[in-house]
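For reference, the structure is listed below as structure tokens.
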Amino acid sequence: MLNPEQQRAVEHVNGPLLILAGAGSGKTRVLTHRMANLVQNHNVPPNAIFAVTFTNKAAREMRERLTHLVGPVARDMWVTTFHSACLRMLRVHAGAMGYPQDFVVFDASDQLSTMKEICKAMNLDEKRFPPMGFVQAISRAKDQCLTHQDIADGKGVFMPKLAEVYELYEKRLKEARAFDFGDLIFRMVQILESKPEVAALYQNQFQFIMVDEYQDTNHAQYRLATILSKAHRNLCVVGDDDQCIYRWRGADIQNILSFESDYSDTQVVRLEQNYRSTTVILDAANAVIQHNRGRKSKKLWTEITGGAPITVHSVGNDLDEAGAVVRLVREHALEGVPYSDQAVFYRTNAQSRVLEEALRRAGVPYVIYGGTKFYERMEVKDVLAYLRLCVNPHDNVSFARAVQAPSRGIGKTTMAKLQSASMERGLSLFEAVTQLPDDAGVTGAARKRLAEFASFIAHLQSQISVLQMSEIVSYVISACGYETYLRALPPQESRDRMANVEELSGALADYAKQSHMNDQTPTLGGFLDQAALTSDIDSLDNGQGVLPLMTLHLAKGLEFPVVYMVGMEEGLLPHGSSIDSPDELEEERRLCYVGITRTQKKLHMLNAFRRRVYGNEQYNIPSRFLKDIPKELVEWKKVPVQAQPTFGGGAYGRGGAASRHANKPHWAGDDDFDQSFSPTPHVGSSRAASDLGFSQDDSDATWKIGMKVKHPQFGEGVIRRIEGKEDRTKLTVYFGPHVVKTLMVQYAQLTPVT
DNA sequence: CCGAGAAGTCTTTTT
DNA sequence: GACTTCTCGG
Ligand SMILES: Nc1ncnc2c1ncn2[C@@H]1O[C@H](COP(=O)(O)OP(=O)(O)OP(=O)(O)O)[C@@H](O)[C@H]1O
């Protein structure tokens, strides 16, 4: 069941413990067994156990494994993410440092809209000072427990204006009584470090602290784990430095590397047997990761010798890639591998779209993890804004959102006036409405509408307490007129959005049901907390016969018999934004390593030579990571192009057809390849061009694909694509390697060049 | 004040 | 392509 080293770790009870081991060696398994051992054999009360991970998905996974081992008492253990754990503590102890108890949690878009306001108020040019950059910088600062004062003192990375922006940002959050994601951990650390009586409470309660994926913790999380474990010193951390993939988010690999010096009396367990993969997979993974510098050396071996080779499928474009995945997934299903035992990984969420489309057409059931989150949809956010206002009327972001959903005659000017009035007095927008001075310049009608809106919110607040959870959403949307607005939308859109709103209502009902099952009283605030932190509604991942699709990041910690890694191309993996930074390249490599090591039996890797990105065609060469895998582990498949040119030919791309490379892969950094590869857009396959509905010569003789045109600004170019008719004709024109524009004929002053 | 339509821009990854 | 911002007519 467990090997001797695993056993040793599981039976370790008191004192610090470090488990440093490679992929698939049973780290998570040891962690869960240890928790079970403590509860079952050492009389440790379940709520004395605190186990955290990084993502919701990982936390849920661990809870499931635990429930399997110990049954329903698993419910009483704290098995969550850092963020959820801190939120739960803050809901009880935020007041200890004078923070409001009823704060809202700001998500990424709330942060961004707050920041945009700030940039406007500070007269910062959005071009030179992108609001998103500030949001990220502030988040990084909070990851490191740095206040705006610290930044002003020159701690952390320097960024022009950051200290001022940060200070104002904090002020705005305070006015809105909001905490952002970073605050959840940072504030809790502050409280624990400065309020001994609060700290003592948790230090005594949590006799055993465990951190999975410790290599991905940031400084704030390190401080949290440190202070919580101070009394009992039973801190057990588990990780693999080769799987650190969140450095971009503040993860500090030093946390795990210096654990031994932080806790000189720590026990160290190294696990060397991999129980997950075949030697083929492990050898490939090792070959990829060994190029990184400064790794902690680890041994890893498996009893499952041999195994199926890795198949690399090189295809023409992203559509072919999706087609290949569909075909392979079905083939494996026929061999008896259910869809749920296979998984597709990609680097970026955007890649899922084409896959989704192909799977849907083929009737293969699938689930997408992550991606465009349910709670980020416009209509869902609109309704949530009302709910959030009920719980915390000072939430200015929600106020601004709800006030115009549906539009009710309160526009930009009124809001600007209200905003400045509120700012002057340090009030929230909601408060400012009731105390709006006569000289604020808000006219009678607008003033009346504002008052109506505010009293509507007050009315909602009183209704919330008498309504059932499951009734709240339908009450809100009918009372505020949002439902009428949705129903007036074009039919398809109306249906889609209504369906999402109904799903939100269902989520509230589910939450209420769940709470009752746990003998807790459901509250709207409780639901909103959950909604803020649990990004996806995937909690009921039935899994039965459903193909999972996810990013490589989300795949960490999971395993599947058959794995597909798509987009194995320079520019995607490694991602284009990482290629000129050695550190980031190493992280890309680790990401690739994580992907490979999720595989139990069979790994397919796919690369496409052409791919649509931002609406334009991009040419990609195979990933350098493919090159690092020993040839004898790989089987090459050149997938025939399925007559799907993405554009109809034209004045560029003559020369070597892709088929010339049929049997000989070419690699990034391979000179021969770089020089000889010049993409050929299947000149002459005009049949397919018309299949795709390109309006060509017949409809509009003025413009033709391949025709040369001139633009006053961009100069001469070649028409690549024609859409629409007559005065709504849109042309996609290639002006140069990185200058591809889509222009309306009607507006762009294009002239044909003869 | 509001919506439609055009132009411009671009998040890589998650809590 | 999708999303946001900007402009203009009603
Ligand atoms: N002693 C063992 N005997 C049989 N199977 C084992 C043993 N230990 C672990 N396994 C299996 O090996 C697989 C990998 O285990 P686990 O997920 O705990 O590894 P991990 O080290 O956390 O991996 P990673 O770091 O890649 O996420 C699981 O399927 C687990 O059940």
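Here is the naming used below: chain letters follow the sequence lines, and residue numbers restart at 1 for every chain. Small disclaimer: the values here were computed from a predicted structure and weren't measured.
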Any side-chain N or O of A/T348 less than 4.0 Å from the OP1 or OP2 oxygen of B/dT11? no
For B/dT12, take OP1 and OP2 only and decide whether either is under 4.0 Å from a side-chain N or O of A/T551. no
When the C1' atoms of B/dT11 and C/dC6 are considered, how many whole Å apart are they? 22 Å
Please tell me which of A/F54 and A/G409 maps to the more 5' nucleotide of DNA chain B, matching each residue to the nucleotide holding its nearest heavy atom. A/G409
Against the side chain of A/T81, the closest entry in B/dT14, B/dT12, B/dT15 is B/dT15
Hey, is the main chain of A/G567 close enough, under 3.5 Å, to the side chain of A/E321 for a donor-acceptor pair? yes
So what does A/S84 touch, heavy atoms closer than 4.0 Å: a base, only the sugar-phosphate, or nothing? nothing
Can you measure A/N616 atom CG to B/dC10 atom P for me and round it to whole angstrom units? 15 Å
I would like to know whether A/F106 and A/F181 meet ring pair (Phe, Tyr, Trp, His ring centres under 6.0 Å); could you show each step before the answer? CA-CA 7 Å; A/F106 266 15; A/F181 284 127; over 10 Å; no
I'd like to know whether the aromatic ring centres of A/Y99 and A/F179 sit less than 6.0 Å apart in this structure. yes
N/O (side chain, A/N349) to phosphate O (OP1/OP2, B/dT11) under 4.0 Å: no
Determine if A/H553 stacks with B/dT13; use a centre-to-centre distance below 5.5 Å and an interplanar angle below 30° as the criteria. no
Which residue lies more 5' along DNA chain C, comparing A/E126 with A/R353 via nearest heavy atoms: A/R353
Starting at the 5' end of DNA chain B and moving along, which residue's nearest nucleotide shows up first, A/G182 or A/M132? A/M132
Nearest-nucleotide pick for A/R347, side chain only, options being B/dT13, B/dT15, B/dC2: B/dT13
Nearest whole angstrom, please: distance from the P of B/dT14 to the CD of A/E213. 15 Å
Partner of A/K556 under side-chain hydrogen bond (donor to acceptor under 3.5 Å, both in side chains), chosen from A/T55, A/T597, A/D216: A/D216
Does A/F82 reach a base, just sugar-phosphate, or nothing at all? Heavy atoms under 4.0 Å. nothing
Look at all strands and tell whether A/R247 reaches a base, only sugar-phosphate, or nothing, counting heavy atoms closer than 4.0 Å. nothing
Can you tell me how far P in C/dT4 sits from the matching atom in B/dT13, rounded to whole Å? 15 Å
Calculate the interatomic distance between A/L573 atom CG and B/dT12 atom P; express it in whole Å. 14 Å
Spacing of A/I579 atom CD1 relative to B/dT12 atom C1', expressed in whole Å: 13 Å
Let's test your reading of the model: under 3.5 Å, does the base of B/dT14 pair with the side chain of A/T55 as donor and acceptor? no
Whole angstroms only, please: what is the NZ-P distance between A/K412 and B/dG3? 13 Å
Given atom CG of A/D318 and atom C1' of C/dG1, what is their separation to the nearest angstrom? 12 Å
Dump the intermediate steps for ring pair (Phe, Tyr, Trp, His ring centres under 6.0 Å) on A/F609 and A/Y619, then the final yes or no. CA-CA 6 Å; A/F609 289 97; A/Y619 295 97; 9.7 Å; no
Whole-Å gap separating C1' (B/dT13) and CG (A/N218): 15 Å
Specify the residue among A/Y614 and A/K116 whose closest nucleotide of DNA chain C lies further upstream toward the 5′ end. A/Y614
A/Y593/A/F625 aromatic ring centres below 6.0 Å: no
Taking any heavy-atom pair under 4.0 Å as a contact, classify A/L184: base, sugar-phosphate, or nothing. nothing
CZ of A/R249 versus C1' of B/dT11: gap in Å, rounded? 15 Å
